[in-house]
Amino acid sequence: MLLREIEKLALYLDAAPETRQRLTPEHLAVVGAGISDDDIQPLVEALARPQPSEVIAAQSALTDALVQVALAAAIHLHPIPNPTEAERIAVLGVGGYGRGEMAPHSDVDLLFLTPWKITPWAESVIETMLYILWDLKLKVGHSSRTVKDCIRLGREDITIRTALLEHRFIGGHAPLAAELDAKLWSDLFKNSGPEFIEAKLAERAERHKRQGGQRYVLEPNVKEGKGGLRDLQTLYWIGKYLHRVPSSEGLVAAGLLSREEFDTFARAEDFLWAARCHLHYVTARRHRCLDLRPAVEVASRMGYRDSAGRRAVEHFMQDYFRQATRVGELTRIFLTELEARHAKREASLFGIFKRTKQVKPGYKLVQGRIDVIDPKAFLADKLNLLRVFEEALRTGYLLHPNIMRLLAANLDLIDEDMRDDPEARRIFLDLLLKHGNPERSLRRMNELGVLAAFIPEFEPIVAMMQFNVYHHYTVDEHIIQTISCLAQIERGELVEELPVASGILNEGVNRRVIYVALLLHDIGKGRPEDHSILGAQMARRIAPRLGLDAGGMRNGRMAGALSPPHVRHGAKARYRRPPHRA
């Protein structure tokens, strides 16, 4: 039945055979949607485009051909009648090129492998090859080593070890490349998994720190940023190092990801590779950041169009940040599974004296994270989808990926009845007001989709970027950081920086109103209307659902009334001329 429906859609689109092969069940929605030919044309164009995996593989294959021709030409130009065993050379790709994945302007990383110390003949061949490749305008990174050199340097430098992990034979003396492969797995990679994992996670943390430590920034780095390609590649490297998986799909067989999680991995990887390739084409160079100007062109090339009062680039960036969020979720799941397999048990004496906070009945601690004892019993009371965040704040423990999966798979339980439940309101407001750290629960609820399920009006602004120099974060991240700042003021942590605001809060304000007002102050964004006016109207409707109706609609009106002024104050701050100083 499914195949017939796909064929039906393909015929309806009058698609070419190669386009027809790319149709997926997700495209079936257009069959019954009754949409016009104008609306369906972008889908036809998208399906007809080469897939990112095809582009990066083709780029690598074309580079293989150039390297092989350059090697053959170099050997022809430096003939040797009776070569000795020392006069052998193998050319290998390492790093991304070795993995067979190249963006249009990526470097070509080559390893010239010789049996022993490099001979004058091998030196001449390498030099000639490099000149040929440089004349072809390729950016070549290269090293000349023996097998012993590779093992020694790989032990000393984790970056070299990672590059060698993805070595691939390109041309020359194949037995030499096979010898390197055998030695790497027997002498370097074997029994060093924990060391490699620790090094790669430390490297990842440092990389995120260099990129600002935030996923939702104005001009994200597609390759190195938080939630970018390098995070996905790190998962694959660890899986390959531990289990020798031939591709990222092998993470499923290794038990590190489920099939559904790998599908999420593949979709995120395809999206990020597409963005990176288009970025290279637009800038005509190796470029990693989605800067303001090239991002507009990348969005257009990827088929995004202006709609619903928002620019195409804003729709594109929203999809980008949602994919980056999914990469973060996959990373948590992957690393927790690794921890379960490789973590050492604490010494029993230490365990006796270590004090831990007890979790409530129905929960258990797994590797220091909250999990549920019985998923069916947990889901029997849908208020538990909120209570678990309250338990995490109360105890200070993180949520285990098992419970994250459970929450994400059962968001449909958060329905109108639950939203109108007074106990649900109480739990949600306590998350904002009671525990002193609302940012932590709000961010996790947002990433898992719980926040948008409980407040449906919040969904359009999740991962929504306003593409201008005044907004450095996505709308939802801005809201969460604003609430975090308010909590810091309440805790007395910003007295020196914000003495006036700290004094006002010390004198006493209606905390419920101000927290809800901050949560809703940008709720109207992403629509054609003036977001401050629309947001005020929406806040007046949403506030009673959150319990701000004790005094009629007075508190709801107060929350809504705070929306328009924040826009005026911001505009005044941005455009006010600084005082002239002599």
Side-chain angles (χ1 to χ4, degrees), residues 18 22 49-74 89-113 126 129-130 132-143 150 159-160 162-174 176-178 180-181 184 222-224 228-237 239-241 244-251 265-288 301-302:
E18 60 273 15
R22 296 196 186 103
R49 292 190 196 104
Q51 299 302 292
S53 56
E54 297 171 348
V55 172
I56 60 180
Q59 190 81 22
S60 177
L62 288 171
T63 306
D64 287 353
L66 293 177
V67 172
Q68 289 162 358
V69 168
L71 175 62
I89 190 169
V91 181
L92 293 86
V94 293
Y97 176 47
R99 191 170 58 248
E101 297 177 347
M102 291 188 69
H105 291 278
S106 292
D107 291 351
V108 182
D109 294 322
L110 297 176
L111 169 62
F112 297 104
L113 194 63
I126 293 169
M129 267 193 76
L130 290 174
I132 292 172
L133 296 174
W134 287 334
D135 287 343
L136 291 171
K137 308 301 181 185
L138 295 179
K139 294 176 283 294
V140 183
H142 62 94
S143 57
C150 291
T159 302
I160 294 175
T162 307
L164 290 171
L165 180 65
E166 300 190 298
H167 68 279
R168 181 169 60 90
F169 176 67
I170 307 297
H173 192 56
L176 191 56
L180 174 66
D181 183 71
L184 286 174
V222 179
K223 182 179 179 182
E224 303 283 351
L229 274 169
R230 187 63 85 209
D231 282 358
L232 289 175
Q233 289 163 358
T234 298
L235 303 187
Y236 168 60
W237 289 335
K240 182 171 184 176
Y241 201 97
R244 207 168 178 172
V245 298
S247 66
S248 54
E249 191 169 6
L251 298 174
F265 181 109
R267 285 192 294 270
E269 187 178 44
D270 275 353
F271 184 92
L272 294 170
W273 267 116
R276 188 181 177 204
C277 288
H278 282 300
L279 192 57
H280 279 212
Y281 284 126
V282 167
T283 59
R285 61 192 175 93
R286 185 184 65 175
H287 196 65
R288 298 175 178 177
R301 292 172 67 102
M302 289 183 67

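These numbers come from the heavy atoms of this one structure, side chains and all, not from hydrogens, waters or symmetry mates.
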Determine the sole option in Asp64, Thr63, Asp107 for which the side-chain hydrogen bond (donor to acceptor under 3.5 Å, both in side chains) test with Tyr97 is passed.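 For Tyr97, the side-chain hydrogen bond (donor to acceptor under 3.5 Å, both in side chains) test succeeds with only one of Asp64, Thr63, Asp107, which is Asp64.
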Do Lys139 and Val108 have side chains that approach each other closer than 4.5 Å (heavy atoms only, starting at C-beta)?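 With C-beta onward as the side chain, the pair stays apart.
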Of all the heavy-atom pairs spanning [X] and [Y], show the shortest one and how long it is.
| X | Y | answer |
| --- | --- | --- |
| Gly171 | Leu71 | C-CD2, 3.6 Å |
| Leu180 | Cys150 | CD1-CB, 3.8 Å |
| Leu251 | Gly239 | CD2-CA, 3.7 Å |
| Ser248 | Glu269 | OG-OE1, 4.3 Å |
| Val222 | Leu272 | CG1-O, 3.6 Å |

Check: [Y] main-chain N/O paired with [X] side-chain donor or acceptor under 3.5 Å:
| X | Y | answer |
| --- | --- | --- |
| His278 | Ala275 | no |
| Lys223 | Arg230 | no |
| Glu166 | Ala163 | no |
| His280 | His105 | yes |
| Gln68 | Ile170 | yes |
| Ser106 | Ala103 | yes |

Using the test salt bridge (charged side-chain N to carboxylate O under 4.0 Å, His left out), find all partners of Arg288 that sit at least two apart in sequence or belong to another chain.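 So Arg288 forms a salt bridge (charged side-chain N to carboxylate O under 4.0 Å, His left out) with Glu224.
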